[in-house]
Amino acid sequence: DVKVTQSSRYLVKRTGEKVFLECVQDMDHENMFWYRQDPGLGLRLIYFSYDVKMKEKGDIPEGYSVSREKKERFSLILESASTNQTSMYLCASSLWNGAVYQETQYFGPGTRLLVL
Amino acid sequence: AQKVTQAQTEISVVEKEDVTLDCVYETRDTTYYLFWYKQPPSGELVFLIRRNSFDEQNEISGRYSWNFQKSTSSFNFTITASQVVDSAVYFCALRGSNYKLTFGKGTLLTVNP
């Protein structure tokens, strides 16, 4: 079974803090993704990575950065947390099998971040 | 541009009722994949099914079934004899010829005992 884990289920931070959200997958997947989920807005893609040290912006990258130094780990960084970044953050991974649209994304349990 | 519409925001049923969750999609791609995910209160999105655009056969897995109709751009999900454990938010998603997985807004299903 695919296993995607996230470092925290709940996190409380203060405005202006630097926040790291960690995601680890154990299935040797090439692709990893970060989404945020908000009521009424659904899931929105922040960033994704298709290889180590490679990254692409998603729909809402502003205020976020990412790091992928190892294949199994993909970090989301909030450089200076703001209250509008209070959200549920979901990490996902998928296998590259030669055709991008075939990939199934498998999700982690999510991190509920509250920025005060 | 891709779009997924789940018109039902919330559905409430009584246990053992059948329930259908609607999903309508838009895409210009001729090859694409459709997905359904379940998100229980714990928060994790659980993958349920993936179908490609060339396979319109209905799929059945236990109490779950999916009806894919290209003519109406729909990929509906039916739960037969619903159970309380089916209570969750269900998401339909579409992936075309690029990396992006487009999600619908989700349908909150509540199954009451």
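Here is the naming used below: chain letters follow the sequence lines, and residue numbers restart at 1 for every chain.
The cluster map of Ile, Leu, Val, Met, Phe, Trp and Tyr, joined by side-chain heavy atoms under 4.5 Å apart, puts B:Leu94 and B:Leu21 in the same cluster. B:Val89 and B:Val46 are not part of a single hydrophobic cluster, where members link through side-chain heavy atoms under 4.5 Å apart. Connection of B:Tyr90 to B:Val24 is not established within any shared hydrophobic cluster, with ILVMFWY side chains joined at heavy-atom distances below 4.5 Å, either directly or through further cluster members. Connection of A:Val19 to A:Trp34 is established within a shared hydrophobic cluster, with ILVMFWY side chains joined at heavy-atom distances below 4.5 Å, either directly or through further cluster members. Following chains of ILVMFWY side-chain contacts shorter than 4.5 Å, one can reach A:Met88 starting from B:Phe47, so the two form part of one hydrophobic cluster.
Listed in order of number, the residues of residues 101-113 of chain B that approach chain A to under 4.5 Å between heavy atoms are B:Leu101, B:Phe103, B:Lys105. Listed in order of number, the residues of residues 36-46 of chain A that approach chain B to under 4.5 Å between heavy atoms are A:Gln37, A:Gly40, A:Leu41, A:Gly42, A:Leu43, A:Leu45. By a heavy-atom distance cut of under 4.5 Å, A:Pro109, A:Arg112 are the residues of residues 109-116 of chain A near chain B, going up by number.
Around atom NZ of B:Lys3, no more than 12 heavy atoms belonging to other residues, nucleotides or ligands sit under 6.0 Å away.
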Show me the side-chain donor-acceptor pairs of residues 77-86 of chain B shorter than 3.5 Å, one per line, residues at least two apart or across chains.
from	atom 1	to	atom 2	distance (Å)
B:Thr78	OG1	B:Thr20	OG1	2.8
B:Ser82	OG	B:Glu17	O	2.8
B:Asp86	OD1	B:Arg63	NH2	2.9
B:Asp86	OD2	B:Arg63	NH1	2.7
B:Asp86	OD2	B:Arg63	NH2	3.2
B:Asp86	OD2	B:Gln83	N	2.8

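Remark: the backbone N or O of A:Thr104 is not paired with any side-chain donor or acceptor of B:Tyr33 at under 3.5 angstrom.
Looking at A:Tyr35, only its side chain comes within 4.5 Å of chain B, counting heavy atoms on both sides. Within the 4.5 angstrom heavy-atom criterion, no atom of A:Asn31 approaches chain B.
Interatomic distance, CD of B:Glu44 versus CZ of A:Arg9, reported as 7.5 Å (0.5 Å rounding).
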